[in-house]
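Numbering of residues begins at 1 and proceeds along the displayed sequence.
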Amino acid sequence: MKSDNVKSGMQQAPSRSLFNALGFTREEMKKPLVGIVSSYNEIVPGHMNIDKIVEAVKLGVAMAGGTPVVFPAIAVCDGIAMGHVGMKYSLVTRDLIADSTEAMAIAHQFDALVMVPNCDKNVPGLLMAAARVNVPTVFVSGGPMLAGHVKGRKTSLSSMFEAVGSYAAGTMTEEDVRDFEEHACPTCGSCSGMYTANSMNCLTEAIGMGLKGNGTIPAVYSDRIRLAKHAGMKVMELLEKDIRPRDILTEKAFMNALTVDMALGCSTNTMLHIPAIAHEAGVELNLDIANEISMRTPNLCHLAPAGHTYIEELNEAGGVYAVMNELSKKGLLDTSLITATGKTVGENIKGCEIKDTGVIRPITDPYSETGGLAILKGNIAVKGSVVKRSAVAEEMMVHEGPARVFDSEDDAIAAIKGGKIVPGDVVVIRYEGPKGGPGMREMLNPTSAIIGMGLGSTVALITDGRFSGASRGAAIGHVAPEAALGGNIALIEEGDTIKINIPEYSINVDITDEELERRRQNWKPREPKITTGYLARYAALVTDSSRGAVLEVPKS
């Protein structure tokens, strides 16, 4: 056992004395040590119930003959951090989570791990750590929130942000907004639509690191507790069989994950996280593959914000495995791959049929023949940009309009809410990328303001920042190279004509190469916005969004 390095032999007597100080018995020290990474805290609604999940995992590990040991991981609530300096600290926690988990797991020589994340950066951060540490690992999340109910309709956090935009437009009263405020988020759990947290939790099933239902069983259901116990038991089976994350996180597994991503209509943030996880697993993903997969993968789900169904309904309709089984009917998945269940993908999904075709469309009748996400390229985004195609109004799939240029999210929001953006405009928000932000803020406030102001079917938004999974509309993010690196988005001027064609995967500013070059000669790099602390170190090391915004030590 790996843990023998800290608990066996005369040389480790000092270590055993410290285990004694923790209250461990000799019997416990003879068993495998299983680290349980707990993301519990009292500030994130998706994490407030994780203490109960962790206790269930501990029982499962103990029942199966292991010794469970809990240690923490941090988490930021993107909804609370949204729209102010706090959002600069969201994406950057992904690497803090990965780094600190790697440090704890290796320093204490755990034999196996059970990861208990839930919200946006915890899932990818812990998947990155799992790939680095490479001991048998299972994921079990805190589970999704139930949908809210306002005026007889189900709703979620995205409706809450859009209500603020409607209030600014004068179409909602303060009392209306208060109704949303008090009823949009009714339980603990990750916010109830197919936002980033639920996207990533669903993809733990698709990629093979989570058990059936991990992405969809609501946080408040007792099924979630039973799932956690089974996760604790399952990790002991993986330890016995020596099935490790890098056995599961293969190139073909990432192709499966991208395929399910397209079918579900996941958050654009998956296009940051999947490449970053792959990088840690030693798999280099070129995002161009996303369009190839999208072209052959039908979009089967329109969950909020793309539609009016929620994760609880996806769960009732058969969950991720039902979607995967449907995709397998056209040979779109590699079903031979091993997973954290100890079985293959094909064995996992066998017999998992759709129970509600209003939530999961059959593959013979999809919402569209192409997937939910698209990578757009052109002279604005030479290395690419990302749009959630399934959440774009049909009339905005092809759009041409004048650029309205803003050098920060805050300035753009003021203009949108001030009525300065009109139908046909293309809002450009730049210097919000991984380096320029720094931290690549999410743009849920401006996208929600556009929707709330009634401009969702007439105005597009382009940014080198990113979007919340709760964003909808013609919102194109992750533009690379970013403005801070002299990317062409930095050279766009007020009034330039922007041409967007999502079906043709293109995004361009209608000026000549010669004019772009002339402007480049006059462009000057901006002074960093933040020069101290973690964000300054992050900005110095982070790569561009086309590579997943991974950290890389500069070559000397």
Who pairs with [X] by ring-ring contact (aromatic ring centres under 6.0 Å, His included), at least two apart in sequence or on another chain?
X      : result
Tyr167 : none
His230 : none
Tyr534 : none

**OP:** Could you name each residue pair satisfying ring-ring contact (aromatic ring centres under 6.0 Å, His included) that touches residues 271-306, not counting sequence neighbours?
**Re:** His302-Tyr367
**OP:** For residues 304-328, pull every pair meeting ring-ring contact (aromatic ring centres under 6.0 Å, His included), keeping only residues two or more places apart or in separate chains.
**Re:** none
By salt bridge (Lys or Arg N to Asp or Glu O under 4.0 Å), which residues pair with [X], not counting sequence neighbours?
X      : value
Arg132 : Asp99, Glu102, Glu280
Lys154 : Glu312, Glu313
Asp261 : none

Subject >> SB check Arg94 Asp120 (cutoff 4.0 Å) >> reply: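 No, Arg94 and Asp120 are not salt-bridged.
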Any residue meeting side chain to side chain donor-acceptor pair (under 3.5 Å) with [X], in chain and number order, not counting sequence neighbours:
X      : result
Asp544 : Lys383, Ser546
Asn122 : Ser39
His84  : none
Ser38  : none

Original post:
So with a 6.0 Å cut-off around CD of Glu284, is the heavy-atom count from everything else above 12?
Top reply: yes
